[in-house]
Amino acid sequence: MSLLERYPNAPGAWLGELPITSRYTAGLAGERFLRAIKDDGKIMGSRCDRCGITYVPARQFCERCLDELDEWLDVGTKGEVYTFTLLFENLDGTAREEPEVVAFIRLGDGGLVHKLDEIHLDDLDIGMLVEAVFKPETERQGSILDIAYFRPTSP
Amino acid sequence: MSERVAIIGVGWVGYRPSTPEVSYKELTYEAAVKAYADAGVNPRRDVDSFITVAEDFIEGTSIFDEYVPDQLGAVLKPVHTIGGDGLHGLATAHMLIRTGQSEIVVVEGHSKASNVVTLPEVTAYAQDPIINRPLGLNTDFIAGMEMNRYLFETGTTLEQCAAVLVKNRRNALRNPLAPYGADLTLDEVLAGPPLAWPLGRYEAAKHADGAIVIVLASEERARSLCDKPVWVIGVGWCNGAPSLESRVWGDVPYIQKAADMAYRQAGIRQPHLAIDFAELDDTYAYKELQHMEALGFCRPGEAGMLIEEGATEPDGEMPVNVSGGSLGMGNLLDANGLARALEVVLQLRGEAGQRQLDEVEVGLAQSWRGVPTTSGAVAILSN
Ligand SMILES: [Zn+2]
């Protein structure tokens, strides 16, 4: 309960809301990146040779030198946990009893933010190897959520 | 064209967890009138240009810049709104005066955070809509992941991060502007509930309402209007790699670049020697340590030791957030940078009351725009 709600003599206030719906175009590179996840279960990067950087997710241009990138490569579906957090709140700020395990997984010179599952919290560490678990092909929609989560690689 | 730019007046209202009786316009009006009285200027006659920092989704109004002029006395005057932190506004005022375009400029920032009913959702709408937002995560996850990597790379400890919270909320007890003063122990902080582990819930600054107005002038006007001008001797700002996938996680190079820009203008080569005290972004406790290192006050990994040694306490070698920072005064959203700058001004004028530092000549204010951004700014002020 906010401070304001606990204050019985607080003056009233007007409420307003706006339904916001936006269209987002994934773009030339974004479309191809998401299609590779959906159709092939592959995570693709794009390479800037000049800067020596493999961007993941693949993108159309290099943010360092602004070259257009046309060299695409499959970076595999396994990567290291570069950093992680145990998130104890929901999107709307309400508290969670059980945390969501969220990580940045290094792939190429970039990576993906995603949830981790099938994991014991005690084993969780920076540097651990994890792999993408894809949804069944029939359920994929060309979304980042076509990867259900990442889990520790089997030894 | 004026080589030197001074702050000649400041006004503020706040800071309070909620302000149900006043509108944001009335908050701003009060701060503006105080600032004009302090500067000895008539806004209708003397001020050449006005700048507000604000964000439509936070304000709850589309095209918010249209709602700015009246409460500042800026009707039928040049006005613009910047989507950025308060120090970006201060930097813009500095440029307007340096170029000779204006002689007196007003910068305004406010927070009516208590009215933003869905702030977490608004913040989440800043995440990448295709690659990140579908995960449905509260944006604090970015702070948790950044803190974890920062601790990993530098060896900074949870205790050292918690010490920032203890220091700043204790400092706030001596600041009548600060609503979140408290005398906590390290153990109490460390035993607190987690938010985005390793980040604890207490280590994220609570929000507050308030407004800050700052009047800047060219050297000539400052000398005729003001007997205690505070000079803006350097300003810098910078944006990092915005995407979560290409940013560096343990470090904040955009703050380092913003500082380099400001240090160059101010002719500062050894910041830890040249700067007497600093007001830094501490909207999450660990950020104060990370920002100290990016600003070159010490090497990476040393800020934690400095706080343990008490070097950043009010009586230490480099007091940091003697005001209480955002942890003690409240997170004022886009106005945070102006709150940092305001404290530096009050200290340099010798008007900081109980918390006044002795013999200070150069102070630094630094801001960060919060998750998920990688943008920040630095201003160096001198009396
Ligand atoms: Zn390149």
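- Proximity to chain B is absent for every atom of A:Leu107, based on heavy atoms less than 4.5 angstrom apart.
- Interface remark: B:Asn148 contributes backbone and side-chain atoms alike to the contact with chain A (heavy atom separation under 4.5 Å).
- Counted within 6.0 Å of OH on B:Tyr29, heavy atoms from surrounding residues, nucleotides or ligands total 12 or fewer; the atom is thus considered open.
- The shortest heavy-atom contact between B:Arg149 and A:Tyr82 is NH1-O, 2.9 Å.
- Rounded to the nearest 0.5 Å, atoms CG (A:Leu91) and CG (B:Leu135) are 11.0 Å apart.
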Just list the side-chain donor-acceptor pairs under 3.5 Å for residues 190-202 of chain B, sequence neighbours left out, or say none.
none

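- Other residues, nucleotides and ligands contribute more than 12 heavy atoms inside 6.0 Å of the CZ atom of A:Arg96.
- With a 4.5 angstrom heavy-atom cutoff, A:Leu34 touches chain B only via side-chain atoms.
- In this structure, B:Glu245 and A:Leu112 approach most closely via the heavy-atom pair CG-CA, 4.5 Å.
- Counting only N and O atoms by type, the side chains of B:Tyr150 and A:Thr83 include no donor and acceptor under 3.5 Å apart.
- Contacts between A:Asp92 and chain B at a heavy-atom distance below 4.5 Å involve backbone atoms as well as side-chain atoms.
- Taking a 6.0 Å sphere around NZ of A:Lys115, one finds it holds more than 12 heavy atoms contributed by other residues, nucleotides or ligands.
- For B:Thr118, no part lies under 4.5 angstrom from a heavy atom of chain A.
- Both the backbone and the side chain of A:Ala95 come within less than 4.5 Å of a heavy atom of chain B.
- Proximity to chain B among residues 56-66 of chain A is limited to A:Val56, A:Pro57, A:Arg59, A:Glu63, judged by heavy-atom separations below 4.5 angstrom.
- Neither the backbone nor the side chain of B:Gln127 has a heavy atom closer than 4.5 Å to any heavy atom of chain A.
- When the side chain to side chain donor-acceptor pair (under 3.5 Å) test is applied to B:Thr156, the partners found at least two apart in sequence or on another chain are B:Thr154.
- By the 6.0 Å contact criterion, OH on B:Tyr67 is open, its count of non-hydrogen atoms from other residues, nucleotides or ligands being 12 or less.
- Remark: A:Glu100 CD to B:Phe141 CZ distance equals 10.5 Å, nearest 0.5 Å.
- For a residue to count as touching a neighbouring chain, one of its non-hydrogen atoms must lie under 4.5 Å from one of that chain's; by this rule A:Ala26 touches chain B with backbone and side chain alike.
- The OG atom of B:Ser246 sits 11.0 Å away from atom CG of A:Asp109, with the distance rounded to the nearest 0.5 Å.
- Heavy atoms of B:Thr139 lying under 4.5 Å from chain A are absent altogether.
- For the atom pair CG of B:Asp128 and OH of A:Tyr24, the computed distance is 9.5 Å after rounding to the nearest 0.5 Å.
- Residues from residues 124-152 of chain A that place a non-hydrogen atom less than 4.5 Å from a non-hydrogen atom of chain B comprise A:Ile126, A:Ile144, A:Leu145, given in numerical order.
- When side chains are defined from C-beta on, B:Glu146 does not count as touching A:Phe104, because their heavy atoms never get closer than 4.5 Å.
- Contact of B:Arg133 with chain A is made through the side chain alone, with heavy-atom distances under 4.5 Å.
- For B:Ile63, the CD1 atom counts as loosely surrounded, since its 6.0 Å shell holds 12 or fewer non-hydrogen atoms of other residues, nucleotides or ligands.
- Smallest separation of non-hydrogen atoms from B:Pro20 and A:Pro11: O-CG, 3.5 Å.
- The most heavy-atom pairs under 4.5 Å with chain A, out of B:Arg247, B:Met145, B:Met147, come from B:Met145.
- Heavy-atom pairs under 4.5 Å with chain A peak, among B:Leu137, B:Leu119, B:Ile142, at B:Leu137.
- Taking 4.5 Å as the limit, every side-chain heavy atom of B:Ile130 sits out of range of all side-chain heavy atoms of A:Thr25.
- Shown here is B:Glu21, whose CD atom has more than 12 heavy atoms of other residues, nucleotides or ligands within 6.0 Å.
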